[in-house]
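Take this structure first; my questions come after.
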Amino acid sequence: MIETPSLVDQYCHGVLRTELGLGTFEAQLARTEGPPAPGTTLFDTQTGFAVRRWCPPLLGMEPHCHPARYLARRRELGVLEAGRRLLRGSGITTYLVDTGLPGDLTGPDELASASAAEAREIVRLELLAEQVADTSGTVESFLANLAESVHGAAAGAVAFTSVAGTRHGLALAPEPPGPGEVRGAAGRWLSGRRVGGQLTDPVLLRHLLWIAVASGLPLQLHAGLGEPGQRIDRTDPVLLTDFVRATAGLGTDLVLLHGYPYHRHAAHLAGAFPHVFADSGAALVRTGARAATVLAEILELAPFGKILFSSGAHGLPELHVVGARLFREALGRVLGRWVAEGAWSLADAQRVAGLVAAGNARRVYGLE
């Protein structure tokens with residue numbers, strides 16, 4: 001039996017503090033551009049079935065119970081108690097939390113308290129730039145304050161994360177933009193921007209990436225499926241190849257988040273470049289009962305010291321549970337089969353499981 005006693009969730013978000021009805025719960029199960037089609041439900045997905053398999057027992061119910069019964073039990077316990085039971089039943093011992101999403105989500109401290117685990121902050125670069133823009137009156141003050149803010153955030157964060165792929169696409173010019181180019185782009189963006197306006201300018205997105213690279217903290221890059229409304233053809237991680245080459249040897253690790261359905265491409269980059277790592281997270285949550293097949297495909301190409309577990313969870317504590325349980329089951333199934341076939345020794349399988357579950361993340365992010 002392959003054991004993973006400790007899990008470091010190297011990318012996730014906080015959980016909602018509010019009670020949820022059926023419709024609002026379903027909306028959190030899948031990041032769609034609208035409600036389910038009439039006569040259908042988002043519980044009829046791999047993620048929905050995984051929630052019904054793994055979460056009811058943590059709330060004192062039988063697996064696979066009807067969604068309405070499960071949500072009634074959730075409301076009976078209350079959002080805080082249900083969240084506490086679910087998070088503590090996930091088996092995750094450390095959370096790295098992206099605090100850059102809007103909404104009534106718990107921060108790292110609250111998540112740590114509810115889960116009786118450790119939690120550290122990941123800073124989202126684009127949100128940081130938008131907050132700086134809200135309080136900067138001129139281009140010069142914006143650029144100076146931005147550099148200072150990134151430097152200050154690096155002192156307390158465990159990593160930076162970027163959604164440049166979601167905002168513009170990953171086919172960005174690989175080199176750092178010049179000072180004049182940056183000032184011109186900042187002037188155009190600030191002049192036409194309202195408070196809270198999103199950063200989508202490709203020059204400023206590149207500028208942010210290179211400021212983050214200079215900090216030396218690991219830089220997470222979103223790829224593959226992600227936010228509703230994005231063009232998935234623009235988020236294939238192979239589009240980052242030139243940027244990856246440009247950052248080689250600078251001392252900053254790049255972590256390719258999510259990746260699916262381009263997870264083999266992310267695994268290839270992790271195998272080709274010493275400073276690139278591949279995430280196995282959201283791919284497993286989306287594929288549910290097929291998670292072992294997807295994880296095996298990542299293990300085909302990426303060195304075993306370059307793969308990191310995450311849940312990618314957002315909003316629902318159930319997604320932390322599902323991410324952890326599917327990962328453990330998939331890893332045990334894949335590595336267990338290779339041991340049974342004689343391809344691997346049990347000792348090697350156990351060592352690799354420990355690396356992917358926690359050891360790699362502890363090394364990359366400098367966790368104690």
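Only a predicted model underlies this, so the values are computations on that prediction, with no experimental measurement involved.
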* Cation-pi, Y70 ring and R73 (6.0 angstrom, 45 degrees) -> no

* Asked: How many angstroms lie between atom CD of E126 and atom OG of S162, to the nearest 0.5 angstrom?
  -> 3.5 Å

* Audit row: R120, L96, side-chain contact (heavy atoms from CB on, under 4.5 Å) steps and yes/no -> CA-CA 5 Å; R120 300 285 298 277; L96 307 188; 3.8 Å; yes

* To do: Using a 4.5 Å cut-off on heavy atoms from C-beta on, say whether the side chain of L326 contacts that of T287.
  => no

* Got a donor-acceptor contact below 3.5 angstrom from the Q46 side chain to the A289 backbone? -> yes

* Are D134 and R193 close enough for a salt bridge, meaning some N to O gap below 4.0 Å? -> yes

* Counting only heavy atoms not in E148, do more than 12 fall under 6.0 Å of its CD? -> no

* Structure fact -> Heavy-atom nearest pair, S280 first then F309, reads OG-CA, 3.7 Å

* When the ring planes of Y262 and H265 are compared, do they come out parallel, tilted or perpendicular, using 30° and 60° as the limits? -> parallel

* Do S136 and N145 have side-chain N/O donor and acceptor atoms under 3.5 Å apart? -> yes

* So does R206 pair up with E181, basic N to acidic O under 4.0 Å? -> yes

* Asked: Do other residues, nucleotides or ligands put more than 12 heavy atoms under 6.0 Å from R363 CZ?
  -> yes

* Approximate separation, where rounding is to 0.5 Å, of L316 CG and L20 CG -> 6.5 Å

* **Cluster check L254, Y11: I/L/V/M/F/W/Y, side chain < 4.5 angstrom** => no

* **Y95 versus A117, closest heavy-atom pair with distance** => CE1-CB, 3.8 Å

* Structure fact -> Output for pair (T161 OG1, L127 CG), nearest 0.5 Å, gives 11.5 Å

* Return the minimal non-hydrogen interatomic distance between G336 and I2, and the atom names on each side. => N-CG1, 4.1 Å

* **Cluster check L7, L111: I/L/V/M/F/W/Y, side chain < 4.5 angstrom** => yes

* Would you mind checking if E19 and R75 are paired as a salt bridge, meaning a charged N to carboxylate O distance below 4.0 Å? => no

* Would you call E62 and R69 a salt bridge, using N to O less than 4.0 angstrom? -> yes

* Structure fact -> Interatomic distance, CG@L257 vs OG@S310, rounded to 0.5 Å, equals 6.5 Å

* Measure across A223 and L170 and return the closest heavy-atom pair with its distance rounded to 0.1 Å. => CB-CD1, 3.9 Å

* Which of parallel (below 30°), tilted (30 to 60°) and perpendicular (above 60°) describes H263 and Y260? -> parallel

* Asked: Taking a hydrophobic cluster as the set of Ile, Leu, Val, Met, Phe, Trp and Tyr residues connected by side-chain heavy atoms closer than 4.5 Å, whether directly or through intermediates, do L335 and F327 fall within one such cluster?
  -> yes

* Asked: Side chains of T252 and H275: do they bring a donor and an acceptor to under 3.5 Å?
  -> no

* Cluster link L22 to V79, ILVMFWY, side chain under 4.5 Å -> no

* Steps toward side-chain contact (heavy atoms from CB on, under 4.5 Å) verdict (L205, L199) -> CA-CA 8 Å; L205 291 172; L199 174 59; 4.1 Å; yes

* To do: Can you measure from CZ (R74) to CZ (R85) and round to the nearest 0.5 angstrom?
  => 13.0 Å

* Asked: So H314 and H13, would you call those rings parallel, tilted or perpendicular, with 30° and 60° as cut-offs?
  -> perpendicular

* F304-W344 aromatic ring centre distance below 6.0 Å -> yes

* Among R194, R167, R124, find the one that has a salt bridge (Lys or Arg N to Asp or Glu O under 4.0 Å) with E130. => R167

* **K306 (side chain) donor-acceptor with V276 (main chain) under 3.5 angstrom** => yes

* Structure fact -> Heavy-atom closest pair (L86 atom, P317 atom, distance to 0.1 Å) is CD1-CG, 3.8 Å

* Can you tell me how far the CZ atom of F160 sits from the CG atom of L209, to the nearest 0.5 Å? -> 11.5 Å

* **Exam field: side chain E297 to backbone R264, donor-acceptor pair closer than 3.5 Å** => no

* **Test item: side-chain donor near acceptor, T93 and E118, under 3.5 Å** => no

* Asked: Any link between L217 and I122 through a network of hydrophobic side chains (Ile, Leu, Val, Met, Phe, Trp, Tyr) touching at under 4.5 Å?
  -> no

* More than 12 non-hydrogen atoms from neighbouring residues, nucleotides or ligands closer than 6.0 Å to NE2 on H64, yes or no? -> yes

